[in-house]
Amino acid sequence: MGNGELWFVEAYRNGSDHQWMVSSCGRSKPAERAAEDLRVLRAWASGQTLPARVYGEVFDRTAVPQYAPGVRVVLRGEHQTLTAVTDNAGRFAFENLPPGIYEASGPVPLPARPVRIDLTHAWCWHVIFQARP
């Protein structure tokens, strides 16, 4: 960021110490590229529910650490179970999700327990799974 630039920054207050925080799902960017983000904030302010997303990566920590392509990831919600397969860079995504509580899990043996994801007050969640040999 340069001096005098105007930025759109999505942040929240940490509940424990009330410090401003940003997340990996943040929409921070130069203001001239934030028209869509402002539309989303106006929708939230008017009480509209917007679709959410869960995305992430699967990292393989074998002898040569790398992201793992072709890995199946499962996302379970109250009324649906979805699957995705990681791309060549080990990335996966679930788009257009309704608000709710979800559980994400990677391939056996990881993780030992599914990851709990709360999309009741968030629009996205980032998950990293680590494969074990």
Spacing of CD belonging to Q66 relative to CZ belonging to F59, to within rounding of 0.5 Å | 8.5 Å
Validation row: L75, I117 side chains within 4.5 angstrom (heavy atoms) | yes
Does V74 have any side-chain contact (heavy atoms from CB on, under 4.5 Å) partners at least two apart in sequence or in another chain, and if so, which?
-> R72, R76, T81, T83, S105
On a heavy-atom basis, the closest approach of F8 and A34 is CB-CB, 3.6 Å
Kindly check if the number of other-residue, nucleotide or ligand heavy atoms within 6.0 Å of CD (E32) is above 12?
-> yes
What do the steps show when you test V58 against Y67 for side-chain contact (heavy atoms from CB on, under 4.5 Å), and what is the final call?
-> CA-CA 6 Å; V58 176; Y67 286 100; over 6 Å; no
Heavy-atom nearest pair, A43 first then S46, reads O-OG, 2.9 Å
Could you check if a side-chain atom of Y55 sits within less than 4.5 angstrom of a side-chain atom of C124, using non-hydrogen atoms only?
-> yes
Evaluate the criterion side-chain contact (heavy atoms from CB on, under 4.5 Å) for residue pair V54 and L119; output intermediate values, then yes/no.
-> CA-CA 9 Å; V54 172; L119 292 175; 3.8 Å; yes
Which donor-acceptor pairs under 3.5 Å do the side chains of residues 86-104 make with protein atoms, sequence neighbours left out?
{"unit_1": "T86", "atom_1": "OG1", "unit_2": "A68", "atom_2": "O", "d": "2.7"}
{"unit_1": "T86", "atom_1": "OG1", "unit_2": "G70", "atom_2": "N", "d": "2.9"}
{"unit_1": "T86", "atom_1": "OG1", "unit_2": "V71", "atom_2": "N", "d": "2.8"}
{"unit_1": "D87", "atom_1": "OD1", "unit_2": "A89", "atom_2": "N", "d": "2.9"}
{"unit_1": "D87", "atom_1": "OD1", "unit_2": "G90", "atom_2": "N", "d": "3.2"}
{"unit_1": "D87", "atom_1": "OD1", "unit_2": "R91", "atom_2": "N", "d": "2.9"}
{"unit_1": "D87", "atom_1": "OD2", "unit_2": "R91", "atom_2": "NE", "d": "3.0"}
{"unit_1": "D87", "atom_1": "OD2", "unit_2": "R91", "atom_2": "NH2", "d": "3.0"}
{"unit_1": "E95", "atom_1": "OE1", "unit_2": "R53", "atom_2": "NE", "d": "3.4"}
{"unit_1": "E95", "atom_1": "OE2", "unit_2": "R53", "atom_2": "NE", "d": "3.2"}
{"unit_1": "E95", "atom_1": "OE2", "unit_2": "R53", "atom_2": "NH2", "d": "3.3"}
{"unit_1": "Y102", "atom_1": "OH", "unit_2": "P98", "atom_2": "O", "d": "2.6"}

R42 vs Q48, side-chain contact (heavy atoms from CB on, under 4.5 Å): CA-CA, chis, key distance, verdict = CA-CA 9 Å; R42 287 183 186 107; Q48 294 178 9; over 6 Å; no
